[in-house]
Peer 1: 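Provided herewith is a single structure, encoded as structure tokens, for subsequent inquiry.
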2 protein chains.
Amino acid sequence: MAKTMTDAAEAMIRESGARVTRARVEVLAVLLKAERALSHHDVERRLNRSLGVDRVTVYRVLDWLSGCGLAHKIAGEDRISRYNAAEHAHSRAHAHFQCGRCGTVVCLDDADAPTEVPVPTGFVPHEVVLTVKGLCATCAHTRTSSSRHPPARARH
Amino acid sequence: MAKTMTDAAEAMIRESGARVTRARVEVLAVLLKAERALSHHDVERRLNRSLGVDRVTVYRVLDWLSGCGLAHKIAGEDRISRYNAAEHAHSRAHAHFQCGRCGTVVCLDDADAPTEVPVPTGFVPHEVVLTVKGLCATCAHTRTSSSRHPPARARH
DNA sequence: AAGTCACGTGCAACTATGTTGCGTTAAATG
DNA sequence: CATTTAACGCAACATAGTTGCACGTGACTT
Ligand SMILES: [Mn+2]
Ligand SMILES: [Mn+2]
Ligand SMILES: [Zn+2]
Ligand SMILES: [Zn+2]
């Protein structure tokens with residue numbers, strides 16, 4: 001499975017026409033393996049540390065991936081950007097769930113945002129995103145079971 | 001007008017039952033006068049400098065205002081939080097426009113987001129926000145008139 | 001009006017995410 | 001293999017927001 005994702009990543013990057021580097025391949029592979037949007041920090045932790053990829057490089061790769069459409073950048077409530085691999089080419093109007101406690105972001109592939117929304121005169125709309133805020137399964141569960149815990153930021 | 005907004009702010013805060021302080025009144029008055037969502041920086045610039053309100057206090061007041069529902073916090077693409085006074089009690093499902101160039105955020109009071117969106121099992125939705133990304137009137141205009149300008153971050 | 005006290009404030013130091021400049025490395029091409 | 005140039009590593013920086021603590025003040029009691 002790991003090998004497959006790495007191969008898939010390499011193919012996608014090669015397809016894009018740009019240089020195929022280890023950092024790009026590995027970061028994209030990490031995103032492809034993930035089941036939710038990953039922050040820079042998440043990516044660093046999941047990267048094979050033996051590769052020794054610099055944190056700035058990870059930032060630049062994530063930026064490049066979202067710039068060329070291979071990934072999808074989502075600005076979180078918590079001032080952290082998270083990235084999804086854009087396997088299923090995201091429609092111009094799709095939906096995300098954001099957990100207000102731990103920051104977890106997942107794509108809601110089922111739901112779709114309205115494509116046409118009235119904007120003030122002169123404004124030029126480009127993309128519509130539907131954001132559902134609430135608690136992820138983990139946070140909702142720990143909230144209800146362990147009665148009263150401080151609202152500290154979770155780390156799962 | 002300025003006096004009226006200050007009075008309105010004071011009344012709203014008094015209504016909330018919490019302490020009525022100069023910082024809270026002035027910050028809320030600034031938000032009430034604004035026609036768009038304001039960042040911490042925006043608020044500081046618009047505060048009468050003779051009041052000498054500390055920047056940390058402004059952060060805390062903005063946090064308190066959004067916490068008690070007198071204002072509405074919006075996380076921007078640019079990692080900056082912006083705040084709207086919640087005059088017209090925001091519905092649980094409303095829409096915002098965010099300019100991808102200068103970061104300007106305005107409430108789209110006309111549009112409404114779908115109230116019911118399917119989420120994964122265990123997830124608990126709380127609020128739905130429809131975000132339209134694009135260019136505000138100013139940015140769209142300067143982009144089309146002065147043909148090719150660098151994509152630097154605007155400051156209006 | 002004076003006294004009390006918890007809540008709000010000012011200040012300084014700090015954290016965290018992300019960015020920039022620059023010299024070096026290594027993909028691509030032939 | 002040699003050349004070219006985009007990508008990388010490193011260090012320093014930028015900026016939004018947070019925290020700890022001493023002090024001041026709004027609201028409430030007397
Ligand atoms: Mn998405
Ligand atoms: Mn709003
Ligand atoms: Zn969560
Ligand atoms: Zn703009």
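Below, chain A is the first sequence line, B the second, and so on; all start at residue 1. These numbers come from the heavy atoms of this one structure, side chains and all, not from hydrogens, waters or symmetry mates.
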Peer 1: Calculate the interatomic distance between Glu15(A) atom CD and dA28(C) atom P; express it in whole Å.
Peer 2: 15 Å

Peer 1: Distance check needed: dT17(C) C1' versus Leu62(A) CG, whole Å only.
Peer 2: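 Spelled out: CG on Leu62(A) to C1' on dT17(C) is 13 Å.
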
Peer 1: Quick check for you: to the nearest 0.5 Å, what is the distance between Cys136(B) atom SG and Arg36(B) atom CZ?
Peer 2: 9.0 Å

Peer 1: Given atom CD1 of Ile80(A) and atom P of dT15(C), what is their separation to the nearest angstrom?
Peer 2: 16 Å

Peer 1: Of all of residues 35-49 of chain B, which get a heavy atom below 4.0 angstrom from DNA chain C, listed by number?
Peer 2: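 Heavy-atom cutoff 4.0 Å gives no residues at all.
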
Peer 1: Can a side chain N or O of Arg55(A) be found less than 4.0 Å away from OP1 or OP2 on dG18(C)?
Peer 2: no

Peer 1: Membership question, hydrophobic clusters at under 4.5 Å side-chain separation (ILVMFWY): are Val105(B) and Leu130(A) in the same one?
Peer 2: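 No; Val105(B) is not reachable from Leu130(A) via cluster members.
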
Peer 1: Rounded to whole Å, please give me the gap between CG in Asp54(A) and C1' in dT19(C).
Peer 2: 13 Å

Peer 1: Atom CD of Glu26(B) to atom P of dT9(C): distance rounded to whole Å?
Peer 2: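 One finds 12 Å between P of dT9(C) and CD of Glu26(B), rounded.
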
Peer 1: Closest nucleotide of DNA chain D for Val56(B) versus for Val58(A): which of these residues is on the 5' side?
Peer 2: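 Looking at the nearest nucleotide for each, Val58(A) comes out on the 5' side.
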
Peer 1: Can you pull the contact range of chain B along DNA chain D, 5' to 3', using atoms under 4.0 angstrom from its heavy atoms?
Peer 2: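 Result: dA16(D) to dA27(D).
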
Peer 1: To the nearest 10 degrees, what angle separates the axes at the start and end of the helix from dA1(C)-dT30(D) to dG30(C)-dC1(D), five pairs each?
Peer 2: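 The helix from dA1(C)-dT30(D) to dG30(C)-dC1(D) shows an end-to-end axis angle of 50°.
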
Peer 1: Using whole Å, what does the distance between atom C1' of nucleotide dT17(C) and atom OH of Tyr83(A) come to?
Peer 2: 10 Å

Peer 1: Below 4.0 angstrom from OP1 or OP2 of dA26(C), is there any side-chain N or O of Thr21(A)?
Peer 2: no

Peer 1: Both Arg79(B) and Val61(A) contact DNA chain D. Taking the nearest nucleotide for each, which residue is further toward the 5' end?
Peer 2: Val61(A)

Peer 1: Kindly work out whether a path of hydrophobic side-chain contacts (I/L/V/M/F/W/Y, heavy atoms less than 4.5 Å apart) joins Ile13(A) to Val58(A).
Peer 2: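 Result: yes, single cluster for both.
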
Peer 1: Between CZ of Arg24(B) and SG of Cys68(B), what distance do you get to the nearest 0.5 Å?
Peer 2: 7.5 Å

Peer 1: Where the side chain of Arg19(A) is defined as all heavy atoms beyond and including C-beta, which of dA27(C), dT17(C), dC11(C) is the nearest nucleotide?
Peer 2: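 The listed nucleotide nearest to Arg19(A)'s side chain is dA27(C).
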
Peer 1: Which is it for Val124(A) and His126(A) under the side chain to side chain contact (heavy atoms under 4.5 Å, CB included) test, yes or no, and what are the steps along the way?
Peer 2: CA-CA 6 Å; Val124(A) 180; His126(A) 175 59; 6.0 Å; no

Peer 1: I'd like to know whether CD of Glu35(B) has more than 12 heavy-atom contacts from other residues, nucleotides or ligands below 6.0 angstrom.
Peer 2: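 Above 12, so yes.
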
Peer 1: For salt bridge (charged side-chain N to carboxylate O under 4.0 Å, His left out), just list the numbers for Arg60(B) and Asp63(B), CA-CA rounded to whole Å, side-chain angles, deciding distance to a tenth of an Å, and then say yes or no.
Peer 2: CA-CA 5 Å; Arg60(B) 292 198 264 232; Asp63(B) 198 50; over 6 Å; no

Peer 1: Any base atoms under 4.0 Å from Arg60(B), or only sugar-phosphate, or nothing? Heavy atoms, all strands.
Peer 2: base

Peer 1: Using 0.5 Å steps for rounding, measure from the CD1 atom of Ile74(A) to the CG atom of Asn84(A).
Peer 2: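 CG of Asn84(A) is found 4.5 Å from CD1 of Ile74(A).
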
Peer 1: Report the distance from atom CZ of Arg24(A) to atom C1' of dA28(C), rounded to the nearest whole Å.
Peer 2: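 Rounded to the whole Å, the gap is 12 Å.
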
Peer 1: Identify whether Met5(B) and Val43(B) are in the same connected component of the hydrophobic contact network (ILVMFWY, side-chain heavy atoms under 4.5 Å).
Peer 2: yes

Peer 1: To the nearest Å, how far apart are Leu51(A) CG and dT25(C) P?
Peer 2: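 Those two atoms, CG and P, are 19 Å apart.
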
Peer 1: Out of Leu38(B), Thr57(B), Val27(B), which one pairs with Leu62(B) under the side-chain contact (heavy atoms from CB on, under 4.5 Å) rule?
Peer 2: Val27(B)

Peer 1: Please determine whether side chain to side chain donor-acceptor pair (under 3.5 Å) holds for the pair Thr4(B) and Asp7(B), giving the CA-CA distance in whole Å, both sets of side-chain angles, and the decisive distance to 0.1 Å.
Peer 2: CA-CA 5 Å; Thr4(B) 307; Asp7(B) 288 349; 5.9 Å; no

Peer 1: Is the ring pair Tyr59(B)/His40(B) parallel, tilted or perpendicular, if the boundaries are 30 and 60 degrees?
Peer 2: parallel

